[in-house]
Amino acid sequence: MDFLQPTTWAEALAAKADRPEAVPVQGGTDVMVELNFDLHRPAALLDLNRVAELAEWSSEPDGRLRVGAGVPYVRLIAELGGRLPGLAQAARTVGSPQIRNRGTVGGNLGAASPAGDSHPPLLAGDAVIEVESAARGVRTIPAAEFYLGVKRSALEPDELIRAFRMSPATGPQYFSKVGTRNAMVIAVCSFAIALHPGERRVGTGIGSAAPTPRRARAAEEFLAAELDWDARLDPAVLARFGELAAQAASPIDDVRGTADYRRHAIGVMARRTLTWAWNEFRSGHFERRAG
Amino acid sequence: MRVTFTVNGRPETADDVWEGESLLYVLRERVGLPGSKNACEQGECGSCTVYLDGTPVCACLVAAGQAEGREVRTVEGLADGDRLDPVQEAFVECGAVQCGFCTPGLVVQAHDLIERVAQPSDAEIREALAGNLCRCTGYEKILDAVRLAAARKAAS
Ligand SMILES: Cc1cc2nc3c(=O)[nH]c(=O)nc-3n(C[C@H](O)[C@H](O)[C@H](O)COP(=O)(O)OP(=O)(O)OC[C@H]3O[C@@H](n4cnc5c(N)ncnc54)[C@H](O)[C@@H]3O)c2cc1C
Ligand code: FES
Ligand code: FES
């Protein structure tokens, strides 16, 4: 096995072009488990820890945030929690403090597990994934087009994930996750919501209840048509939203839960997160906090 | 491959390291520091917690080569000669150690908590230790130890 240790992004891309079979390793919280258990013996590891720009984030001229693939959860929570509240809530549920000190959104995207906790808030918040190869340069992929199958993504073998781009929240965002403990659990299923009041639109993301993370599109369209943004939340609208969210899931039975349970829980979490977000929106609390 | 890094303030060089090896393996089997325990090798138990450049991490999930040039501090590096660190003392006094397998990881993780948070609440202690499993104590004595260490630190 080779251990490749580029110190710049250009070197990293060159190494990946030269050795497409090399497995990138950032926080190692997925990769090292596979190596320790000998599930996988790659021909080479491509350590990204020395590529400093991957661990940086910035505000772009268009107002969006560009967050390097190597920013660990602990910093995402501390430094961007106010601007990306949905993602920060999800990040707080990842593993344990030790895991959050090392694990990254870039690694979560690289692993592309349907249960990855960053995915639902990335979907709800219209994130775009920035990937790059030495041969073809930068490519941006909307989160909704990034996940292709169980642990399969749109990333090509010669590409690396550089960053994700996402607008700072313009309205309340919430994340909810079902698990057997308050720490160290892979989601049985999860749900994220983001209100976009300027566009009178609500974004959603479903986790661990389909082969890929996905949006609940019919539920989003229903709210775009039926939600009265100047009124209290209509219980009939709330109930229908929950039903449509549950219908968007296509879960399986596995050791963590049954398909029926997951579908039910998605409906419950959809109603809950919308209620939380709506209460925050109506109370003016979000504006005060953001202002 | 060769990995050169600093452990508990001393430069160390490990040779013939397999590229897929973990920092935990290097510490225990090549540098001769068996304090950090190997219980799960999958990040679940926290017994292998060490500081990497000042941040507590599971050493079993750090690739050896990722530690090249970096500073590692293990449980062996907390005491000042024969004087135990206040966190270690508190664990002994409170009976927070039974078989002791989880202790090194808990001590490092608790050490980090009280460095960062002067007087942690119970909720903060529980949150900080959520990634450290103990099969013996039932955790109550461990919570006592962390409260005691934090109180002593705040008083000194
Ligand atoms: C004990 C434990 C608990 C966990 N709990 C959770 C949890 O609650 N929720 C959750 O979502 N996950 C959890 N995980 C999984 C893991 O921590 C996350 O998926 C994390 O986000 C991975 O990030 P990383 O930087 O450590 O990835 P790594 O292990 O370094 O990499 C993960 C994958 O991404 C690829 N990759 C990394 N960086 C790039 C890049 N820049 N470009 C292209 N590919 C790249 C790697 O090749 C690999 O396939 C847990 C893991 C452990 C060990
Ligand atoms: S041995 Fe590293 S977390 Fe269990
Ligand atoms: S004292 Fe035995 S596992 Fe904690």
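In the text below, chain A, chain B and the rest are named by the order of the sequence lines, each starting its count at 1. Computation of the quantities below employed the complete heavy-atom set of this structure, encompassing side-chain atoms and omitting hydrogens, waters and symmetry-equivalent molecules.
Between chain A and the residues B/A130, B/C58, B/G69, the largest count of heavy-atom pairs under 4.5 Å involves B/A130. Contact count against chain A (heavy-atom pairs under 4.5 Å) is highest for B/V62 among B/L24, B/V62, B/T55. Listed options B/E44, B/E19, B/M1 were ranked by heavy-atom pairs under 4.5 angstrom with chain A; first place goes to B/E19. When the candidates B/G46, B/C40, B/C60 are compared by the number of heavy-atom contacts under 4.5 Å with chain A, B/C60 comes out ahead. Heavy-atom pairs under 4.5 Å with chain A were tallied for B/E21, B/E127, B/R126; the largest tally goes to B/E127.
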Item to check | side chain to side chain contact (heavy atoms under 4.5 Å, CB included) between B/R73 and B/N8, worked out | outcome: CA-CA 5 Å; B/R73 193 172 177 201; B/N8 301 328; 3.6 Å; yes
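Here A/R50 does not pair with A/E11 in a salt bridge; the nearest charged N to carboxylate O distance is not below 4.0 Å. For B/D144 and B/K141, the salt-bridge test fails: no basic side-chain N is under 4.0 Å from an acidic carboxylate O.
Only the side chain of B/L133 comes within contact range of chain A, with at least one heavy atom under 4.5 Å from a heavy atom of that chain. Of the two parts of B/A63, the backbone and the side chain both hold a non-hydrogen atom closer than 4.5 Å to a non-hydrogen atom of chain A. A/D2 touches chain B through its backbone: at least one of N, CA, C or O sits under 4.5 Å from a heavy atom, while the side chain does not.
Between the OG1 atom of B/T13 and the CZ atom of B/F5 there is a distance of 8.5 Å, given to the nearest 0.5 Å.
Of all heavy-atom pairs between B/S156 and B/K153, the closest is OG-O, 3.0 Å. B/G20 and A/L45 get closest at one heavy-atom pair: CA-CD1, 4.3 Å.
Looking only at atom types and distance, the side chain of B/T49 has no donor-acceptor partner in the side chain of B/Q109 under 3.5 Å away. If you check the side chains of A/S283 and A/E280, you find no donor sitting under 3.5 Å from an acceptor.
Counting heavy atoms of neighbouring residues, nucleotides and ligands inside a 6.0 Å radius, atom CZ of B/R147 exceeds 12 of them.
Using a 4.5 Å cut-off between non-hydrogen atoms, the part of residues 22-33 of chain A that approaches chain B consists of A/V25, A/Q26, A/G27, A/G28, A/T29, A/M32, A/V33.
In this structure, the salt bridge (Lys or Arg N to Asp or Glu O under 4.0 Å) partners of B/D15, at least two apart in sequence or on a different chain, are B/R2.
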